[in-house]
Amino acid sequence: MEGNSGGGGGGGGGGGNDVELLCKTLQVEHKLFYFDLKENPRGRYLKISEKTSATRSTIIVPFNGISWFLDLFNYYVNSDDDQQDVFSKELQLDTKVFYFDVGENRRGRFLKVSEASVSRNRSTIIVPAGSAQDEGWAAFRNILAEINEASRLFISPNQTSEPSERLGLSDDVGAGFISSHSSQSGPTADLSVERTIDLPAADEVSNLGVSKVIRADQKRFFFDLGSNNRGHFLRISEVAGSDRSSIILPLSGLKQFHEMVGHFVEISKDRLEGITGANVRTIDSPQR
DNA sequence: ACGGCGT
């Protein structure tokens, strides 16, 4: 197995064991913003860094504050370009306070986001509004929205306080996969989906705790979300007997993959109806 | 290409 590939993955990073769940970059004018959704034993957080040729500034957003950031950026995106009626905002998260202020100089309008905490010096990022339609803010908002959505896909091994709720998300994924091309109310009639939550030991950093398996004929297919220093992927492993082979699907291709499978489900409907239940076994046979 | 903030 790949074992502890996490050791060499991101090159460490001074933070310690923090795992990168999601990384995005956004360029606005000449600034580069890095969004890193990370996780450590204390929980998840979003690190937003502003990078210019000479300057680097970072704020740390607690995980439960991402949606608030999204709301606030929406507020400034939707505000009128006349800045008279745009207000400063404060957002308290845990022990931190974030200040949102709109300013303007000869370079244009900008949104200043400052993080004030008890222990650290204040840190600030400044987001240009952009040329028109507040496109810089809107792009920033869109990244936040993507992160907010994507973060719901991942089960945090360290945030299992409400496991049933987390598992419900897995149900959404499984049901949607089938139901988008089938009107059957019971998508698991032919293939039963079993959830396995095997919390990996510290050595398998890439496994984020999302794992499912289906069985067809004598084969089992394991679906695992993972990530490495090149991003996020879905690993689909086919296991038959003692043989195992995998494909690694970058999440950027997941939707196309879904559509492609749906296409073949559609054109194979006749055959599927003919063999329903014959070649497909459920993984959890009733014990009788 | 910028550079805003505040010490």
Side-chain angles (χ1 to χ4, degrees), chain A residues 10-11 13-16 18 20-40 42-151 230-231:
Chain A
D18 296 7
E20 287 186 346
L21 300 178
L22 192 56
C23 298
K24 291 180 178 293
T25 62
L26 168 68
Q27 185 171 359
V28 181
E29 297 176 1
H30 100 289
K31 282 187 174 176
L32 201 52
F33 292 94
Y34 297 89
F35 299 78
D36 297 310
L37 184 66
K38 292 194 163 194
E39 181 176 86
N40 61 27
R42 301 191 193 287
R44 285 180 283 188
Y45 62 90
L46 177 63
K47 184 177 83 169
I48 304 177
S49 291
E50 166 198 313
K51 175 78 168 56
T52 62
S53 53
T55 317
R56 165 180 50 84
S57 187
T58 296
I59 61 173
I60 302 292
V61 184
F63 183 76
N64 63 359
I66 295 175
S67 59
W68 292 107
F69 260 64
L70 178 57
D71 290 347
L72 281 168
F73 266 86
N74 261 323
Y75 166 75
Y76 290 105
V77 168
N78 296 328
S79 67
D80 231 331
D81 281 4
D82 309 328
Q83 72 179 63
Q84 291 91 314
D85 54 353
V86 181
F87 297 99
S88 295
K89 299 281 185 182
E90 290 185 20
L91 174 62
Q92 171 134 24
L93 297 168
D94 301 337
T95 62
K96 297 176 175 177
V97 183
F98 292 91
Y99 300 95
F100 291 73
D101 297 290
V102 173
E104 182 166 15
N105 59 20
R106 65 184 184 281
R107 303 285 187 190
R109 298 208 306 153
F110 57 86
L111 178 62
K112 180 181 65 163
V113 183
S114 289
E115 168 194 340
S117 61
V118 286
S119 57
R120 292 179 166 272
N121 289 331
R122 194 161 70 81
S123 55
T124 300
I125 63 171
I126 293 177
V127 185
S131 56
Q133 315 289 339
D134 296 338
E135 63 184 31
W137 295 349
F140 201 101
R141 182 269 319 271
N142 292 341
I143 298 276
L144 288 174
E146 292 174 16
I147 293 172
N148 194 41
E149 281 300 307
S151 65
R230 296 179 56 182

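So that the names make sense, note that chain A is the first sequence line, chain B the second, and so on, each numbered from 1.
- Side-chain contact between A:Tyr34 and A:Thr58 is absent, with no heavy-atom pair separated by less than 4.5 Å.
- On the nucleic acid side, DNA chain B has its first and last nucleotide under 4.0 Å of a heavy atom of chain A at B:dA1 to B:dG6, going 5' to 3'.
- Within the nucleic acid shown, A:Ser114 has no heavy atom closer than 4.0 Å to any nucleic acid atom.
- No donor-acceptor distance shorter than 3.5 angstrom exists from the side chain of A:Glu50 to the backbone of A:Lys31, with no hydrogens or angles considered.
- There is a side-chain donor-acceptor pair under 3.5 Å between A:Ser88 and A:Asp101.
- Pairs of residues two or more places apart, or lying in two chains, that qualify as side-chain hydrogen bond (donor to acceptor under 3.5 Å, both in side chains) and include a residue from residues 124-140 of chain A are A:Arg109-A:Asp134, A:Ser114-A:Thr124, A:Arg122-A:Thr124, A:Ser131-A:Glu135.
- Across all strands, A:Arg122 comes closer than 4.0 Å only to sugar-phosphate atoms, never to a base (heavy-atom distances).
- Around atom CG of A:Asn121, no more than 12 heavy atoms belonging to other residues, nucleotides or ligands sit under 6.0 Å away.
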